[in-house]
There are 2 protein chains.
Amino acid sequence: MGGSEIRRNMPLFSIGIVMQLTDLSARQIRYYEEHELISPARTEGNKRLFSLNDIDKLLEIKDLIDQGVNMAGIKQIYNVKQQTAISAAEKKQAEKTRRELSDADLRKLLRKELLQAGRFNRSANHGDMSRFFH
Amino acid sequence: MGGSEIRRNMPLFSIGIVMQLTDLSARQIRYYEEHELISPARTEGNKRLFSLNDIDKLLEIKDLIDQGVNMAGIKQIYNVKQQTAISAAEKKQAEKTRRELSDADLRKLLRKELLQAGRFNRSANHGDMSRFFH
DNA sequence: AAACATATGTTAGATTATCTGACATGAAAT
DNA sequence: ATTTCATGTCAGATAATCTAACATATGTTT
């Protein structure tokens with residue numbers, strides 16, 4: 001378990017390769033990054049470089065998307081802090097609102113989507129990149 | 001062991017990444033390709049795409065280079081057909097010459113370089129890319 | 001139904017990464 | 001003293017990727 005973590009987080013793959021490997025569009029991949037589901041590294045020249053872990057995560061996301069889960073659901077699953085671009089002033093109110101929502105509506109939302117998603121047990125904590133390496 | 005071969009031959013890495021991973025210059029990598037030591041795939045747009053096996057091979061080559069073996073030696077080791085760009089007319093004579101050389105000088109060359117190279121037993125038939133993946 | 005939000009497509013213009021081919025060069029071989 | 005080898009470096013061309021903006025289909029709210 002030592003260097004394995006390092007290896008799996010090593011930034012190696014261009015977005016073109018990741019598109020092929022995941023069957024996602026560049027737009028989708030960038031959109032998921034925008035929503036902080038992944039955080040690929042960058043070259044000096046600002047090109048994205050993805051790790052095995054990034055690709056695994058994208059495969060998981062794709063899985064969820066294919067099963068009808070939306071961004072909000074996926075964010076909940078990965079507990080990514082909600083709220084994308086709100087002014088500091090709005091934030092307080094938004095936070096309050098969110099808290100009010102979270103016990104009622106959010107639970108409902110999650111339950112609905114997860115149940116609808118059907119089978120759902122990725123026992124391993126990573127996607128299917130193992131396909132590509134032994 | 002089925003898909004493992006496929007996986008190790010899957011073209012995934014840009015030359016920039018391979019440079020970092022192998023600590024070879026782009027010039028060197030292209031030069032070794034020119035001498036048919038590796039044959040990386042290409043994108044539609046003609047950019048090189050390297051596989052794990054390509055990278056392993058480059059690491060081996062680097063090893064040999066570091067130990068003072070020259071192209072000719074490396075080519076012999078991988079038995080890459082010699083002769084780069086000779087006219088058909090010249091080829092006949094060249095072929096004869098080569099055969100005359102091969103039993104005397106070539107053996108000498110090989111022995112000299114291999115012995116000088118010292119320890120030399122990569123038991124596995126691949127380089128150190130295993131470092132990067134589990 | 002109308003208005004809005006979400007997720008993705010598409011296009012444009014800019015920039016980076018890579019390509020080939022040529023010339024330069026120090027070290028090694030002849 | 002020349003050649004050859006292995007690599008560096010540069011120039012000009014092309015491909016891959018980037019961000020930002022607008023377009024849009026589908027789903028959600030009011």
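Letters go in sequence order (proteins before strands), and every chain restarts at 1. Values below: every heavy atom of this structure, side chains too, minus hydrogens, waters and symmetry copies.
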task = Calculate the interatomic distance between A:Arg27 atom CZ and C:dT6 atom P; express it in whole Å.
result = 14 Å
key: Nucleic acid footprint by protein, nucleotides 11-19 of chain D - heavy-atom cut-off 4.0 Å, B for base, S for sugar-phosphate alone   = ---BSSBBB
ask   = Quick one: does B:Ile17's side chain get under 4.5 Å of A:Leu49's, heavy atoms only?
value = yes
query = Rounding to a whole Å, what distance do you find between A:Ile29:CD1 and C:dA7:C1'?
reply = 14 Å
message = What I'd like to find out is whether the side chain of A:Tyr32 reaches to under 4.5 Å of the side chain of A:Leu24, using heavy atoms alone.
response = yes
message = So, OP1 or OP2 of D:dA6: does either fall under 4.0 Å of a side-chain N or O from B:Tyr31?
response = yes
query = To the nearest angstrom, how far is A:His35 atom NE2 from C:dT8 atom C1'?
reply = 11 Å
note = Rounded to whole Å, CG of A:Asp66 lies from C1' of C:dA7 at a distance of 13 Å
Atom-to-atom span, CD1 of A:Ile65 to C1' of C:dA7 - whole angstrom = 8 Å
Nearest-Å distance for atom pair CG/C1', residues A:Leu58 and C:dA7 = 15 Å
query = Rounded to whole angstroms, how far apart are CD on B:Glu34 and C1' on C:dC19?
reply = 13 Å
ask   = How far does CG of B:Leu58 sit from CG of B:Asp63, to the nearest 0.5 angstrom?
value = 11.5 Å
inquiry  = Checking B:Lys47 now: which residues fulfil side chain to side chain contact (heavy atoms under 4.5 Å, CB included) with it, not counting sequence neighbours?
reply    = B:Thr43
ask   = Does the cation-pi check pass for A:Lys57 over A:Tyr78, that is, NZ or CZ under 6.0 Å from the six-membered ring centre and within 45° of its axis?
value = yes
inquiry  = Using OP1 and OP2 only, check whether a side-chain N or O of B:Tyr32 sits under 4.0 Å from D:dA6.
reply    = no
ask   = Rounding to a whole Å, what distance do you find between B:Met71:CE and D:dA6:C1'?
value = 8 Å
ask   = Can you find a pair of side-chain heavy atoms, one from B:Arg48 and one from B:Asp54, that are under 4.5 Å apart?
value = no
